[in-house]
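Every number for a ligand or one of its atoms is a count from 1 in the order of the listing.
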Amino acid sequence: MPNTLPTSSPATNWWHTATGYQIYPRSFCDSNGDGIGDIPGITSKLDHLRDLGIGFIWLSPVYASPMADNGYDIADYRAIAPEFGTLEDFDQMLAEAKARGIGIVMDLVVNHSSDEHHWFKAAKSSKAAPTHDFYIWRVPAPDGGPPSDHRACFGGSAWHFVPELGQYYLGFFSAAQPDLNWQNPKLRREIYDMMNWWLDRGIAGFRMDVISLIGKDVDAGIFEEGPYLHQFLQEMHRETLAGRDVVTVGESWSVSRDTALLYCGRDRAELDMVFQFQHIMEGWDPVHGKWKPRPFDLIAFKRVLNDWQETLADDGWNSLFLSNHDLPRQVSRYGDDGAFRVQSAKMLATVVHLMKGTPFVYQGEEIGMTNVRFERIDQFRDIETLGHYKDAMAAGVSPAEFIAGANTNGRDNARTPMQWSAGAQAGFTTGTPWIETNPNHTAINVEADRADPEGIFDYYRRLIALRKNLPVVIHGRYEPFAEDHPSVFAFTRALDGKKLSVVANFTTQTLDFDVPEGMVCSGTCLLFNYEARENLSGRISLRPFEVLVVIN
Ligand code: GLC
Ligand code: CA
C-alpha cells in the first residue's frame with residue numbers, strides 16, 4: 001500500500017457522514033386532497049425518512065410562486081406558497097425534522113426571480129423604478145429584434161420585449177423567470193439578508209440553483225461561470241455562511257474538473273460541494289441534447305465519475321447522485337426497470353453511495369420508482385418539455401419522436417406522485433393529482449417495498465447506515481479498476497489498512513470477471529444483491545446487475 005495514506009481520518013463535517021434526500025414538494029404527499037403535495041404532507045412522512053437514516057432533506061422550492069416552473073420562479077422569497085402551506089407549517093416541519101436528527105436544506109433560486117415578484121413588476125413598469133436595475137435590460141438590435149440570438153433554456157428567445165419601455169429583459173430560462181442583475185450591490189444585499197433570515201430560522205443550508213450563472217457578462221456573451229462568479233460567491237459566504245455550521249451545494253451544468261476547486265476548495269470560502277452533470281450529459285446527443293438520448297456507455301460514464309473522484313481526492317468534496325427532479329429515474333436510465341428492477345436499483349445505489357462524497361437520494365429512488373410512459377403531449381406538465389415541444393414541432397420533428405425522447409429523458413419522469421401504496425393515486429392524494437400517477441404503483445410502492453425483507457428500502461437503509469460507522473466509506477482513498485471493461489464498474493476504498501472492494505455488473509447478462517490484483521479482498525461481505533461472497537479473488541461469475549461489497 002502506498003505510504004501516502006493518511007494514518008488517521010481527516011476532519012469530518014456532519015455532512016460528510018450524512019446522506020441527503022431530495023423532496024419535490026408538489027409530488028411528495030398531499031395532506032388536503034387538492035392534488036398538490038404540501039408541507040404538512042412532508043411532515044406526516046418524516047418517520048419514513050428517519051427510518052431510512054438520512055441526515056438532511058434538500059427541499060425543492062416552497063416559496064410563494066406562480067409555479068410556471070413549479071417554484072423555480074419565486075415571487076416572494078420570505079413567504080410559503082399557499083398551496084404548500086404557511087410559514088407556521090414550515091416551522092413545524094423544521095422542528096419535527098430536527099427532532100428526528102434531520103436538517104432542512106432550502107433551495108436558493110437567485111439567478112432569476114418570477115416575473116410576478118414585486119421587484120420585477122415595478123421594474124417593468126418604469127425605468128425609474130428603484131428595482132429596475134435589479135434585472136438585465138438591453139435596447140433592441142438595430143432591426144428592432146432581440147439584442148442577441150441567445151435561446152432560452154425552455155425554448156424561444158432568451159430576450160423578452162416590454163413595449164412600454166422599449167427594452168428587452170433577459171429571461172435565460174423563460175419569460176416567466178427574469179434574470180437578476182447580480183452587478184447591482186443593492187440586489188446582492190437583498191439576497192444576503194434573505195438568506196440570513198432563513199438561516200436564522202434554523203435551516204441546515206442551501207442548495208443553490210444554477211449558481212454558476214450569477215457571474216455572467218451578458219455583453220461579452222458569457223453566461224456560465226462568468227468573470228464575477230467567484231467574487232460574488234466569496235462575498236455571499238462572508239455575508240451569510242461564515243461561522244455557521246451549514247452545508248451548501250451549488251448546481252452547475254458547466255463546472256468541469258478544471259473549475260471544480262474554485263467553488264469548493266478548502267481555502268476558497270465559497271461552497272462545500274457542487275452538483276456537476278458531466279456523467280449525465282455524457283448520455284446526451286451532442287446536437288439534440290437530452291431529447292435524443294444516446295445508448296448508455298459504461299466506459300464513458302466511469303471515466304467521468306473516476307475523474308471527479310481523482311480531482312477532489314484531497315481537496316473539495318464530491319456530491320454523489322444519479323437522480324433529481326430534472327432527470328429521468330435512475331433505474332430506468334442506468335439499470336433495468338423490468339425483470340431486474342430490484343437488483344439493478346440496489347446495484348446503482350451501492351456504486352453511488354460508496355464513492356467518496358455525500359450521496360443524495362431522490363424521492364422514490366429508495367423504492368426503485370421508474371420512468372412513466374405518457375402517450376400524449378397533454379399528459380406532460382413540465383415547462384421545459386412543453387417549450388421544447390413547440391420548438392420541435394416548428395422544426396418538423398414528429399410528435400411521436402418528441403414524446404419518445406421526453407419519456408426517456410424528460411423531467412416529468414421524476415415528478416409523478418410519490419408511490420406510497422397500491423391504493424387510489426398511490427396514496428399520494430385523495431383528490432386528483434396535478435400530474436398523472438404512474439400506473440405501476442399497484443406493484444411499486446412504499447408499503448409493499450418496506451414489507452419485503454429483500455426490498456430496496458431496507459437495502460438503502462443498510463447502505464446509509466454503513467457510512468455512519470465506517471471511516472473508510474467517508475475518507476478512504478478511491479481507486480478505480482477495470483476502467484476499460486464495458487460491463488463492470490469496480491473500485492476500492494482504502495484507509496488505515498482497511499480496504500473496501502466494490503464490484504458491479506451493469507448488464508442484464510451473467511458474465512465472468514477476473515478480479516484485478518489490487519482489488520483482491522477477503523473478510524466480510526457488507527452488501528450483496530444475490531448471495532454473499534466473503535472472498536473477492538480470481539475469476540468470479542457476476543449475475544445480471546450483481547453487486548458485491550467486501551471489506552477486509
Ligand atoms: C435548475 C433547476 C430546474 C429549474 C432551473 C431554473 O436547473 O434544478 O428545475 O427549472 O434551474 O430554475
Ligand atoms: Ca395539498
Decide whether a cation-pi geometry holds between [X] and [Y]; the criteria are a distance under 6.0 Å from NZ or CZ to the six-membered ring centre and an angle within 45° of the ring axis.
{"X": "Arg138", "Y": "Tyr168", "answer": "no"}
{"X": "Lys216", "Y": "Trp182", "answer": "no"}
{"X": "Arg26", "Y": "Trp434", "answer": "yes"}

*Looking at Asp30, pick out the N, O or S atom nearest to the Ca ion (ligand 2) and give its name.*
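Relative to the Ca ion (ligand 2), the closest nitrogen, oxygen or sulfur of Asp30 carries the name OD1.
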[X] bridged to [Y] by N-O distance under 4.0 Å:
{"X": "Glu239", "Y": "Arg189", "value": "yes"}
{"X": "Asp91", "Y": "Arg201", "value": "yes"}
{"X": "Glu251", "Y": "Arg207", "value": "yes"}
{"X": "Glu190", "Y": "Lys186", "value": "no"}
{"X": "Asp307", "Y": "Arg257", "value": "yes"}

[atom]: nearest protein contact (heavy atom, Å):
{"atom": "atom 4 (C) of ligand 1", "result": "Asp69 OD2, 3.3 Å"}
{"atom": "atom 8 (O) of ligand 1", "result": "Asp326 OD2, 2.5 Å"}
{"atom": "atom 11 (O) of ligand 1", "result": "Asp209 OD1, 2.9 Å"}
{"atom": "atom 7 (O) of ligand 1", "result": "Glu251 OE2, 2.9 Å"}

For ligand 1, which atoms, with element, lie under 4.0 Å from some heavy atom of [X]?
{"X": "Phe154", "value": "10 (O)"}
{"X": "Arg411", "value": "3 (C), 4 (C), 9 (O), 10 (O)"}
{"X": "Arg207", "value": "2 (C), 8 (O)"}
{"X": "His112", "value": "6 (C), 12 (O)"}
{"X": "Val210", "value": "1 (C), 7 (O), 11 (O)"}
{"X": "Phe173", "value": "5 (C), 6 (C)"}

Below 3.0 Å, any N, O or S contact between [X] and the Ca ion (ligand 2)?
{"X": "Thr429", "answer": "no"}
{"X": "Asp34", "answer": "yes"}
{"X": "Gly41", "answer": "no"}

*From Glu225, Gln276, Glu224, residue fulfilling side-chain hydrogen bond (donor to acceptor under 3.5 Å, both in side chains) relative to Ser212*: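 Single pass found, and it is Glu224.
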*Determine, using ring centers only, whether His16 and Trp317 are less than 6.0 Å apart.*
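Under 6.0 Å, so yes.
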_Side chain, backbone, both or neither: Glu384 near ligand 1, heavy atoms under 4.0 Å_ =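 Contact part for Glu384 vs ligand 1: neither.
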*Calculate the angle formed at the Ca ion (ligand 2) by OD2 in Asp38 and O in Ile36; 10° precision is enough.*
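Asp38 OD2 and Ile36 O form an angle of 100° at the Ca ion (ligand 2).
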